[in-house]
Each structure stands twice: as C-alpha cells, then as structure tokens.
2 protein chains.
Amino acid sequence: MNIAEGLPQQELKNQFNKTGLRFTPQREAVWRIFEGNPSGYTISQATAALAAQKVGQATVYRTIRALQDLGYLKKVHDQNGERRFVASRPGHSHMLVCRSCSRAVECSDCDLSVLEKLISRQTGFAVEGHHLEFFGLCPECS
Amino acid sequence: MNIAEGLPQQELKNQFNKTGLRFTPQREAVWRIFEGNPSGYTISQATAALAAQKVGQATVYRTIRALQDLGYLKKVHDQNGERRFVASRPGHSHMLVCRSCSRAVECSDCDLSVLEKLISRQTGFAVEGHHLEFFGLCPECS
DNA sequence: AATTTAATGAAAAATACTATCAATTATGAA
DNA sequence: TTCATAATTGATAGTATTTTTCATTAAATT
C-alpha cells in the first residue's frame with residue numbers, strides 16, 4: 001500500500017539518466033527506504049537509517065534534493081510541524097498526513113479553480129497555483 | 001494596504017499581557033517591521049533589519065515565535081521555497097504569496113469541507129484540517 | 001584500456017537555532 | 001515612592017543543521 005509501490009526502479013533510473021545523473025547504489029538505497037515507508041522520514045531519521053548502510057550524510061542530502069526535483073519525494077509536515085519527506089509520484093498532488101503515525105497518502109489532484117477565481121476577484125492577484133496539505137487520522141489510527 | 005494595517009498596538013499589548021508577557025520596546029520593534037512590510041521577512045532578514053535597531057538575535061527569534069503563537073505572524077514560502085514570516089490576523093486563514101515580490105495577503109477562510117469529504121471517501125482518512133497556500137502575481141507585479 | 005565525467009564521503013565551513021546567565025527593566029504591593 | 005518580585009534582554013557559548021570542498025572512487029564513453 002505504499003504510495004510508490006510498484007514503481008519500477010527502471011523508471012527512476014531513466015529519470016536520473018535523462019538529466020545526466022547516475023542512479024548509483026547509494027541513490028537506490030536512499031530511494032528504497034522511502035519507498036518502503038509510507039510515513040517517510042525527517043532528514044535526520046533518513047541520515048541515521050542510511051548511515052547504517054554506509055551512505056554518507058552529504059549524499060543523503062544531495063539525493064533527497066534530487067528525488068524532490070524529479071518529483072519522487074514530496075515534503076510534508078507532521079503533527080509536530082517537523083518536515084518529512086515521503087515517496088510520491090511526480091506531478092502536482094496533495095498530501096494527506098496522519099497526525100498519529102505520519103503515514104502520508106497522495107490525493108488525486110483536486111480542482112481548486114473555482115476557489116482560485118474567487119480569490120483572484122477578492123485580491124486582484126493572478127493566482128497561478130497552490131500548495132495544499134491535509135491532516136487527519138488514517139484508517140489504522142482511527 | 002498592509003494585512004495588519006490599523007491593528008491597534010493596544011490589541012497586541014493586550015494579547016501579550018493576557019498570558020503574562022510584556023509588550024516591550026524590542027517586541028514592538030519586531031512587530032513594527034513586519035506590520036510595515038507586506039512581503040514579510042526571512043529570519044535572517046529580520047535579524048539583520050532589527051540589529052540596526054539594537055534588537056538582539058535571541059530576542060528576534062523569541063519574539064517571532066511569540067507573535068506566531070499569538071497568531072499575528074504566519075509562515076509562508078516564497079518563490080525560492082524560503083520561509084518568510086508575514087503579519088496576519090489571528091485565526092485560520094490562507095495566504096496568497098506573490099512569486100515576484102513576495103507580498104502576501106490573507107484570504108478569508110475558504111470552505112474546503114466538500115473536498116475534505118471527498119478525500120475521506122477516497123482514502124479512508126478522517127480529515128481534520130488543512131494547510132493551503134496560494135501563489136501568483138500580485139496586482140503591482142502583474 | 002584509456003579518457004572523461006559524475007558521485008562519494010570525510011572534513012571543514014557556514015548557517016541556523018537554542019540555552020545560559022548576569023544585568024536590566026517593568027510590575028505590583030506596601 | 002520604594003522595595004520585592006518577575007519577566008526580558010543580549011552577549012556568549014553551545015548545539016544542530018546544512019552546504020561546500022576536494023581528493024578519491026566509480027561509472028560511462030571512446
């Protein structure tokens with residue numbers, strides 16, 4: 001039931017290669033811990049977990065950024081306001097985060113265009129996009 | 001046209017006093033720079049601006065946190081993904097941030113309950129709330 | 001195999017944030 | 001007002017986080 005379950009490693013490798021980057025064993029190791037955990041990790045949790053696999057701290061930082069840039073990691077905020085990264089599919093979507101276990105699921109994109117029009121009228125802004133994050137209790141924690 | 005324009009200093013003072021805190025000249029200085037700038041400040045911008053007014057770094061950190069807790073500062077993300085703080089009224093609301101000048105305006109709360117119900121059905125989550133931030137171009141930058 | 005390019009990781013550097021504590025300032029009671 | 005109490009400040013030290021550097025290693029290309 002992972003967000004990115006069934007994502008072929010090949011797709012990720014291709015995405016890296018497309019921009020001249022290499023899908024190294026270290027980068028694969030980083031991806032694997034996220035792919036395997038729907039609650040994701042804070043940076044410090046990830047560096048700790050990956051240190052056990054002999055992946056250096058700088059590499060973790062660099063890889064998390066790369067995965068973010070490719071759209072395979074998204075940033076969310078847990079109950080404590082701490083920043084976590086969770087596996088996701090590329091593209092715009094919204095995240096729904098459990099306040100108890102931090103499990104995150106991706107919501108299919110919801111149409112806020114009506115809202116954006118309303119806000120444009122109210123404020124005079126040309127609204128171009130939004131970030132939306134939901135929080136609540138996941139089925140297991142309910 | 002500031003978000004918090006016309007907010008009486010008195011109200012802020014009362015809010016501080018209500019919890020046993022004092023509205024000191026330093027805290028007032030912090031508040032004033034935010035009140036006067038709809039684009040808000042990053043922490044480092046704020047510490048720099050306030051150092052010129054002889055407000056110490058620790059006090060800036062402490063005061064920003066206090067103003068946040070009281071609801072008079074809200075955190076937004078600018079075009080570079082950097083965290084800024086902008087003056088706001090207490091309570092739940094959404095922020096609309098200009099990608100060019102970082103000017104932020106507060107949107108009256110918009111009803112996402114229909115969306116939340118839909119997401120509950122789709123995911124099984126008990127949705128309790130959300131964070132929503134819009135970005136676009138403000139009238140001046142359009 | 002030789003060459004070129006990218007990635008790694010250890011360490012240093014830079015940045016961000018928090019805690020400590022003596023001195024100062026405000027508040028309230030007498 | 002004066003004294004006692006409590007909160008605040010800011011300098012500094014301390015901790016944590018993130019980025020950069022660079023020599024080395026590994027991968028891709030020729």
Side-chain angles (χ1 to χ4, degrees), chain A residues 9-10 12-34 40-70 72-78 80-85, chain B residues 9-34 40-70 72-78 80-86:
Chain A
Q9 300 274 315
Q10 190 58 40
L12 205 43
K13 177 164 160 44
N14 290 344
Q15 289 304 315
F16 270 96
N17 292 344
K18 193 186 284 182
T19 39
L21 302 175
R22 295 167 187 172
F23 192 53
T24 63
Q26 288 91 338
R27 287 175 180 170
E28 193 183 326
V30 174
W31 170 246
R32 250 183 307 105
I33 71 161
F34 282 100
Y41 295 90
T42 63
I43 291 257
S44 67
Q45 288 171 345
T47 52
L50 287 157
Q53 299 178 45
K54 307 288 178 219
V55 180
Q57 187 201 41
T59 298
V60 175
Y61 273 94
R62 287 188 280 235
T63 304
I64 286 178
R65 175 171 304 177
L67 287 168
Q68 260 192 291
D69 290 346
L70 292 173
Y72 290 99
L73 281 186
K74 287 208 171 68
K75 202 188 319 182
V76 298
H77 297 90
D78 66 16
N80 310 317
E82 285 186 303
R83 199 175 35 140
R84 308 180 74 82
F85 294 94
Chain B
Q9 301 273 316
Q10 191 57 40
E11 173 182 335
L12 205 43
K13 178 164 161 45
N14 290 344
Q15 288 303 314
F16 270 97
N17 293 344
K18 194 188 284 186
T19 39
L21 301 174
R22 294 170 188 168
F23 192 54
T24 64
Q26 288 91 338
R27 287 176 179 166
E28 193 182 326
V30 174
W31 170 246
R32 250 184 306 105
I33 71 161
F34 282 100
Y41 295 90
T42 63
I43 290 257
S44 68
Q45 289 171 345
T47 51
L50 286 156
Q53 298 179 46
K54 306 288 177 217
V55 181
Q57 186 202 45
T59 298
V60 175
Y61 274 94
R62 288 188 280 235
T63 305
I64 285 178
R65 175 171 302 177
L67 287 169
Q68 260 192 290
D69 290 346
L70 291 173
Y72 290 99
L73 282 185
K74 288 208 171 66
K75 204 186 320 182
V76 298
H77 297 89
D78 65 18
N80 310 318
E82 284 186 304
R83 200 174 34 138
R84 309 180 74 82
F85 294 94
V86 297

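The nucleotide whose nearest atom lies closest to any side-chain atom of B:R27 is, among D:dT19, D:dG10, D:dT8, D:dT8. In this structure, of C:dT20, D:dT19, D:dT21, it is D:dT19 that holds the atom nearest to the side chain of A:Q57. Residue A:Y61 has its side chain nearest to D:dT17 when only C:dA19, D:dT17, C:dC17 are considered. Among the nucleotides C:dT27, D:dG10, D:dT21, the one closest to any side-chain atom of B:R22 is C:dT27. Out of C:dA16, C:dT18, D:dG10, the shortest distance to the side chain of B:S44 is found at C:dA16. Listed candidates were D:dT8, D:dG10, D:dA28. Nearest to the side chain of A:K13 is D:dA28. Among the nucleotides D:dA28, C:dT18, C:dT8, the one closest to any side-chain atom of A:T24 is C:dT8.
Regarding contacts with the backbone of C:dC17, every side-chain N or O of B:R65 stays at 4.0 angstrom or more from both OP1 and OP2.
Counting only heavy atoms from C-beta outward, the side chains of B:L67 and B:L12 approach each other to under 4.5 Å. A heavy-atom distance below 4.5 Å is found between the side chains of A:K13 and A:Q10. For the pair A:V60/A:I43, no side-chain contact is recorded, criterion being any heavy-atom separation below 4.5 Å from C-beta on.
The distance from atom NZ of A:K75 to atom P of D:dT18 is 11 Å, rounded to the nearest whole Å. Following rounding to the nearest Å, B:N17 (CG) and C:dT25 (P) show an atom-to-atom distance of 19 Å. The nearest whole Å value for the distance from the CZ atom in B:R62 to the P atom in D:dT12 is 15 Å. Distance A:Q53 CD to C:dG9 P: 12 Å, rounded to the nearest Å. Rounded to an integer number of Å, the gap from A:F23 CZ to C:dT8 P is 11 Å. In this structure, B:R84 atom CZ and C:dA16 atom P are separated by 14 Å, rounded to whole Å. A straight line from CZ of B:R83 to C1' of D:dT18 spans 13 Å, rounded to a whole angstrom. Atoms CZ (A:F85) and C1' (D:dT18) sit 12 Å apart, rounded to a whole Å.
Side-chain atoms of B:T19 come within 3.5 Å of backbone atoms of B:F16 as a donor-acceptor pair (strictly under, hydrogens ignored).
Along DNA chain C, the nucleotide nearest B:A58 and the nucleotide nearest B:P25 are compared for position; the residue whose nucleotide lies closer to the 5' end is B:A58.
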- Decide yes or no on side-chain contact (heavy atoms from CB on, under 4.5 Å) for B:Y61 and B:V30, but give the supporting numbers first. CA-CA 10 Å; B:Y61 274 94; B:V30 174; over 6 Å; no
